[in-house]
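As the structure is a computational prediction, the values presented were derived from the model and not from experiment. Scope of the values below: all heavy atoms of this structure, side chains included, with no hydrogens, waters or symmetry mates.
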Amino acid sequence: MSVMLSCFFRSASEICQKPLRQVVVKTIFVSLVILLFVLAVLAFGLLNVEMPGLDQLPRPISWLVERSLEFLALLLFIFCCSILFPWVLSLVIAFFLDEIVQVVREGYSSTNFLEKIGNTQAVVYAVKFGVLTSLINLACLPIYLILLFFPLMSLVFFYLVNGLLLGREYYGLVTIGYVADTERRAVFKENRLQVYLAGLFIAFMMTVPVINLIAPVLGSVAMVHLLEVWRLKTA
């Protein structure tokens, strides 16, 4: 745990420095543009959905149904935002991974990375894992709705589910195309619990305002540092 925290603190310091600071700015800008567009389309769609036959019901009942639908639409909008936000940020990060890995690996000259420029594998992986994350969270939607009456339990459940997913996703992002498959699988098998704990920390950062904007870069940098620690330990 101490090693993981030290890697995250080290990463927080590094993203404030020039090479990675530029990546942070580009990531935030691109992510916000994509998110605003997607959320605008989603909001427009939800606000313009009409219930057929609603105007034929008595006024009190139609008013109650209409307000209930608006409330459900709001909940769906919030849920979609919580799912889309980390996915969009992770997808954007995939396009800047070469810069991140290049900067971080300079401090680990004794270890080897595969030479990779324009890592399309990471982008494809981010898309696939984003779809998987969305489907799993949609499958958990009934549980989320039930736990709305228990906010603390709902948050814990969110961290448990998405911590596992984000840990696996970010480990894959910084290893696919950069580390040989045999070594990548061996390191993951040896450090499965630590990957999950790192994912929990990333999931937590994703829910903290302002910090969630830099969480993907911070999580990626920290995962590269953790990867090097694990590789040295496994070697």
Query raised in the report: Can you list every ring pair (Phe, Tyr, Trp, His ring centres under 6.0 Å) pair that touches residues 121-142, not counting sequence neighbours?
Result: Y125-F129

Query raised in the report: Rounded to the nearest 0.5 Å, what separation is found between the CG atom of L218 and the CD1 atom of I15?
Result: 5.0 Å

Query raised in the report: Where is the tightest heavy-atom contact between V174 and L227, given as atom of each residue plus distance?
Result: O-CD2, 3.9 Å

Query - Spatial distance of atom CH2 (W230) from atom CD (Q194) [nearest 0.5 Å] - result: 6.5 Å

**Report entry** Residue list, ring-ring contact (aromatic ring centres under 6.0 Å, His included) with F9, at least two apart or on another chain
**Finding:** none

Query raised in the report: How many angstroms lie between CG in L166 and CZ in F204, if you round to the nearest 0.5 Å?
Result: 14.0 Å

Requested in this report: Measure the NE2-OG distance between H225 and S220 for me, rounded to the nearest 0.5 Å.
Outcome: 11.5 Å

Report summary line: Output for pair (M4 CE, L197 CG), nearest 0.5 Å, gives 5.5 Å

Query raised in the report: Do you know which two heavy atoms are closest between A215 and M205, and how far apart they sit?
Result: CB-CB, 3.8 Å

Query raised in the report: Do R231 and E183 have side chains that get closer than 4.5 Å, going by heavy atoms?
Result: yes

Report task. Could you pull out the closest heavy-atom pair between G167 and V195, with the gap in Å? Result -> O-CG1, 3.3 Å

Query raised in the report: Distance-only, no hydrogens or angles: does the T27 side chain make a donor-acceptor pair with backbone N or O of V23 under 3.5 Å?
Result: yes

Query raised in the report: Are V208 and Y170 co-members of a hydrophobic cluster defined by side-chain heavy atoms under 4.5 Å apart?
Result: yes

Requested in this report: Determine, using the 4.5 Å side-chain heavy-atom cutoff (strictly less than), whether I143 and I146 are members of one ILVMFWY cluster.
Outcome: no

Query raised in the report: Cluster question for you: counting only ILVMFWY and a side-chain heavy-atom cut-off of under 4.5 Å, with indirect links fine, are V25 and V30 together?
Result: no

Query - Stepwise side chain to side chain contact (heavy atoms under 4.5 Å, CB included) test for F158 and C140 - result: CA-CA 9 Å; F158 175 85; C140 295; over 6 Å; no

Report task. Using modelled atom types only, decide if a donor and an acceptor are shared between the side chain of R21 and the backbone of C16 within a distance under 3.5 Å. Result -> yes

Report task. Using a 4.5 Å cut-off on heavy atoms from C-beta on, say whether the side chain of M223 contacts that of S11. Result -> no

Report task. Please tell me if the side chains of N212 and T207 come closer than 4.5 Å, counting only heavy atoms from C-beta onward. Result -> no

**Report entry** R10 and E14, any side-chain heavy atoms less than 4.5 Å apart
**Finding:** yes

Report task. Kindly state each residue pair satisfying ring pair (Phe, Tyr, Trp, His ring centres under 6.0 Å) with at least one member in residues 180-201, sequence neighbours excluded. Result -> F8-F201, Y171-F188

**Report entry** Close side-chain approach of L165 and N162, heavy atoms under 4.5 Å
**Finding:** yes

**Report entry** Single-linkage hydrophobic cluster V210~F29, side-chain heavy atoms < 4.5 angstrom
**Finding:** no

